[in-house]
There are 2 protein chains.
Amino acid sequence: MSSTRTPHVPAAPGSASIRDVAERAGVSVGTVSNVLNRPDIVRAATVERVHAAIRELGFVRNDAARQLRAGRSTTIGLVVLDVRNPFFTDVARGAEDEAAQDGLSVVMANSDESPEREAAHVDYFETQRVLGLLMSPIGDMGERLERLRAAGTPAVLVDRTAGTRALSSVAVDDVEGGRLAARHLLGLGRRRLAFVGGPLGLEQMRDRLAGAREEADAIPDARVEAVETPGLGFADGRRAALELLARPAGERPDAIFAGNDLVAIGVLQALMGEGSLRVPEDVAIVGYDDIDFASAAVVPLSSVRQPRERIGQTAVRILREEAADPSIEPRQVVFKPELVVRASTVGRG
Amino acid sequence: MSSTRTPHVPAAPGSASIRDVAERAGVSVGTVSNVLNRPDIVRAATVERVHAAIRELGFVRNDAARQLRAGRSTTIGLVVLDVRNPFFTDVARGAEDEAAQDGLSVVMANSDESPEREAAHVDYFETQRVLGLLMSPIGDMGERLERLRAAGTPAVLVDRTAGTRALSSVAVDDVEGGRLAARHLLGLGRRRLAFVGGPLGLEQMRDRLAGAREEADAIPDARVEAVETPGLGFADGRRAALELLARPAGERPDAIFAGNDLVAIGVLQALMGEGSLRVPEDVAIVGYDDIDFASAAVVPLSSVRQPRERIGQTAVRILREEAADPSIEPRQVVFKPELVVRASTVGRG
DNA sequence: CTCAGTTATTGTAACGATTCAGAGTGGTCC
DNA sequence: GGACCACTCTGAATCGTTACAATAACTGAG
């Protein structure tokens with residue numbers, strides 16, 4: 001062996017390994033690794049020499065090897081329903097900030113409300129042996145995620161309460177959000193409410209609707225009609241609003257509670273544009289999420305705000321704990337939403 | 001050695017390795033690997049036996065080990081300026097679809113227009129030894145990307161022409177886009193155009209403005225005034241529009257060309273809302289990007305469309321070629337934009 | 001001068017998948 | 001019956017990093 005020691009080629013430009021660094025600095029690979037991971041146990045002069053070699057060779061740690069050895073990566077996978085939705089980007093931001101404190105990274109994948117894409121992303125993250133998964137699932141992932149958890153990859157549901165006690169989740173009380181919105185509208189004297197959002201297959205949507213109905217049921221002549229949309233985009237809101245406009249004026253709702261702000265803005269524009277209705281005089285509108293757009297809409301939008309960044313932060317914190325100790329009990333955290341009142345319900349001043 | 005052969009523990013639930021699979025199926029690890037990678041050279045019965053073992057053990061390939069051996073990952077890193085911008089998510093979509101054809105994955109990172117975050121993401125992807133990088137850089141990444149390329153990690157600039165011949169890029173001809181928009185507005189008889197967008201430090205913005213001016217210069221009494229905004233959001237458009245509204249009516253432009261659709265929608269809302277102006281009668285508006293919102297605005301927006309998904313596709317295709325053959329010449333692809341005419345310039349019907 | 005006790009460094013065995021030279025089997029052809 | 005081929009499969013080496021036991025070099029204490 002020692003007679004045929006490999007010359008270990010000069011190494012392509014940027015692909016120096018720890019071994020090249022060791023050779024250059026005149027130390028062993030173990031020492032280089034120590035400089036990288038526990039510099040405190042290495043003599044200062046040696047640390048300096050190794051750093052010099054690293055700089056000269058442009059050495060960059062190979063994370064694949066590191067992971068292989070460690071068994072786990074230091075990346076957290078985040079699968080969101082829709083990257084375009086500011087709600088999720090804010091959650092992502094909160095998660096990233098929290099993760100960065102521990103030197104963890106967050107990478108984002110977009111399922112775009114497609115169960116197939118979602119499954120593909122989870123597959124990918126599984127092969128990557130990510131530290132854990134943060135997800136707002138579209139399909140029924142419960143069983144799969146429990147299996148993953150058992151296999152050492154914890155998952156935390158985001159913006160969804162776990163259907164099972166076996167998984168952690170960080171969500172916002174959507175029933176309460178629905179109550180807040182409806183209570184506000186009812187308090188303004190509106191009686192014919194419509195909930196515009198969907199698909200109602202989404203738990204969040206069902207809960208918001210249920211909360212609203214709960215409030216309306218407490219008032220004799222009040223009711224909440226459900227206008228289901230296939231998605232939660234801008235265009236879905238428009239379409240739903242056009243449907244409502246097609247009705248005789250007397251049968252239209254006098255208040256609309258939208259499944260999210262994008263839908264609300266779509267509704268708003270269609271009602272004011274095509275419908276020439278006045279908001280809030282003819283119809284009051286409450287959105288959900290309180291995205292930036294909400295306050296900047298033609299008529300600033302009243303909306304139910306969720307602590308988005310805190311959701312991301314909390315989810316990462318739980319994930320970290322579960323990754324460190326798999327036997328820990330799953331936790332379900334539920335935040336309270338908050339109503340932000342603007343001109344779309346109370347007019348000016 | 002053979003006397004002390006490791007019992008190789010039953011393996012924790014989901015963490016079976018290729019070795020466990022081999023043992024279970026009664027074949028060698030090499031065969032399992034072949035079943036995974038070149039099933040055609042393995043006897044059908046063996047393939048079936050191995051697959052059964054895989055299913056029984058819930059085996060999932062460890063990508064870190066795979067990468068380590070291969071030297072490169074099969075993941076493409078995508079760093080975008082702003083995940084919320086539908087332009088980038090569409091580019092991402094195009095990239096993902098193209099990549100998926102080759103079994104490659106795309107992961108997205110958001111620099112949020114911060115050079116620090118951008119650098120951190122590039123660092124991360126570098127340690128990951130990604131197959132390549134797709135990015136719309138904010139800071140001056142030229143030098144760094146050239147070094148990465150030399151080290152075997154090609155990068156393709158997206159939505160930006162490379163400042164250097166040493167890097168590939170896929171962009172859209174923004175000067176032409178500016179020409180299209182201005183030509184259209186001038187053709188409608190408008191003479192006092194305003195370009196609303198910015199910051200003008202962004203190459204894209206300068207080019208669009210330059211294209212518009214080029215057209216206007218060909219017509220005696222036409223001119224294009226630049227109204228610079230600090231960013232490209234909704235609110236930036238609103239603010240700029242309010243400024244214009246503050247002027248005496250005679251000094252207001254009769255047509256506005258916005259740096260992107262978000263700005264255009266902000267302008268639109270402020271002009272119609274606060275300003276009570278009619279669009280397009282009093283002021284015609286052309287946006288840029290043709291995002292979904294554009295066609296769904298209060299007044300559907302005329303806009304300059306860029307082939308977003310094709311940009312992503314093309315970028316991946318170039319990246320793949322460069323990854324396969326590092327000596328290949330960098331290419332600069334420039335697509336032509338296209339004008340989509342809607343009610344914000346030509347009114348109804 | 002030896003021995004214990006630090007402190008700094010080395011060398012090597014993993015981690016899991018892939019690759020590739022080689023071995024075993026069976027069939028065909030002369 | 002031997003040579004040759006095709007087809008399957010095996011087993012070991014390898015990728016770059018980390019952890020850990022072993023060693024080396026020194027410092028005082030007795």
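Every heavy atom of this structure was used, including side-chain atoms; hydrogens, water molecules and symmetry mates were not. Below, chain A is the first sequence line, B the second, and so on; all start at residue 1.
Arg129(A) has its CZ atom 8 Å from the P atom of dG16(C), to the nearest Å. Straight-line distance from the CG atom of Asn34(B) to the P atom of dT10(D): 10 Å, rounded to whole Å. For the pair Arg61(A) CZ and dG16(D) C1', the interatomic distance rounds to 11 Å; values are reported in whole Å. In this structure, Asp20(B) places its CG atom 11 Å from P of dC15(C), rounding to the nearest Å. The nearest whole Å value for the distance from the CD1 atom in Ile18(B) to the P atom in dA12(D) is 16 Å. Gln128(B) has its CD atom 13 Å from the P atom of dT17(D), to the nearest Å. When rounded to the nearest whole Å, the span between CG of Asp63(B) and C1' of dC15(C) equals 15 Å. Nucleotide dA19(D) holds its C1' atom 14 Å from the CG atom of Leu68(A), rounded to whole Å.
When heavy atoms are screened at a 4.0 angstrom cut-off, Gly71(A) is found touching no nucleic acid atom at all. Here Val27(A) lies in heavy-atom contact (under 4.0 Å) with sugar-phosphate atoms only.
Between the side chain of Arg49(B) and the backbone N or O of Ala25(B) there is at least one donor-acceptor pair closer than 3.5 Å. Asp20(A) contributes a side-chain N or O that, together with a main-chain N or O of Ser17(A), makes up a donor-acceptor pair within less than 3.5 Å. Distance alone, capped at 3.5 Å, places no donor-acceptor pair between the Thr75(B) side chain and the Val106(B) backbone. Formation of a donor-acceptor pair under 3.5 Å by the Asp63(B) side chain with backbone atoms of Thr127(A) is not found in this model. Side-chain N or O atoms of Glu126(B) include none that pairs as donor or acceptor with a backbone N or O of Arg61(A) at under 3.5 Å.
Nearest to the side chain of Asn62(B), among dT10(C), dC15(C), dA17(C), sits dA17(C). For Arg66(B), the listed nucleotide lying nearest its side chain is dT18(C); candidates were dT10(D), dT18(C), dG16(C). For Ser33(B), the listed nucleotide lying nearest its side chain is dT18(C); candidates were dT18(C), dT10(C), dG16(C).
Counting only N and O atoms by type, the side chains of Thr153(B) and Arg72(B) include a donor and acceptor under 3.5 Å apart. One side chain, Glu203(B) or Thr161(B), offers a donor N or O that lies under 3.5 Å from an acceptor on the other.
Checked options Glu322(A), Glu321(A), Arg331(A), Arg149(A); the residue passing with Ser168(A) is Glu322(A) (criterion: side chain to side chain donor-acceptor pair (under 3.5 Å)).
Within residues 36-53 of chain B, the residues having any heavy atom under 4.0 Å from DNA chain C are, by residue number, Asn37(B).
In the helix from dC1(C)-dG30(D) to dC30(C)-dG1(D), the rotation axis of the first five pairs and that of the last five pairs differ in direction by 60°, rounded to 10 degrees.
With salt bridges taken as basic N to acidic carboxylate O contacts below 4.0 Å, none links Glu118(A) and Arg144(A).
At dT10(D), one or more side-chain N or O atoms of Thr31(B) fall inside 4.0 Å of OP1 or OP2 (strictly under the cut-off).
For the pair Gly30(B) and Ala64(B), both in contact range of DNA chain C, the more 5′-proximal nearest nucleotide belongs to Ala64(B).
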Evaluate side-chain contact (heavy atoms from CB on, under 4.5 Å) for Ile76(A) paired with Val130(A), printing each intermediate quantity in order.
-> CA-CA 6 Å; Ile76(A) 292 172; Val130(A) 290; over 6 Å; no
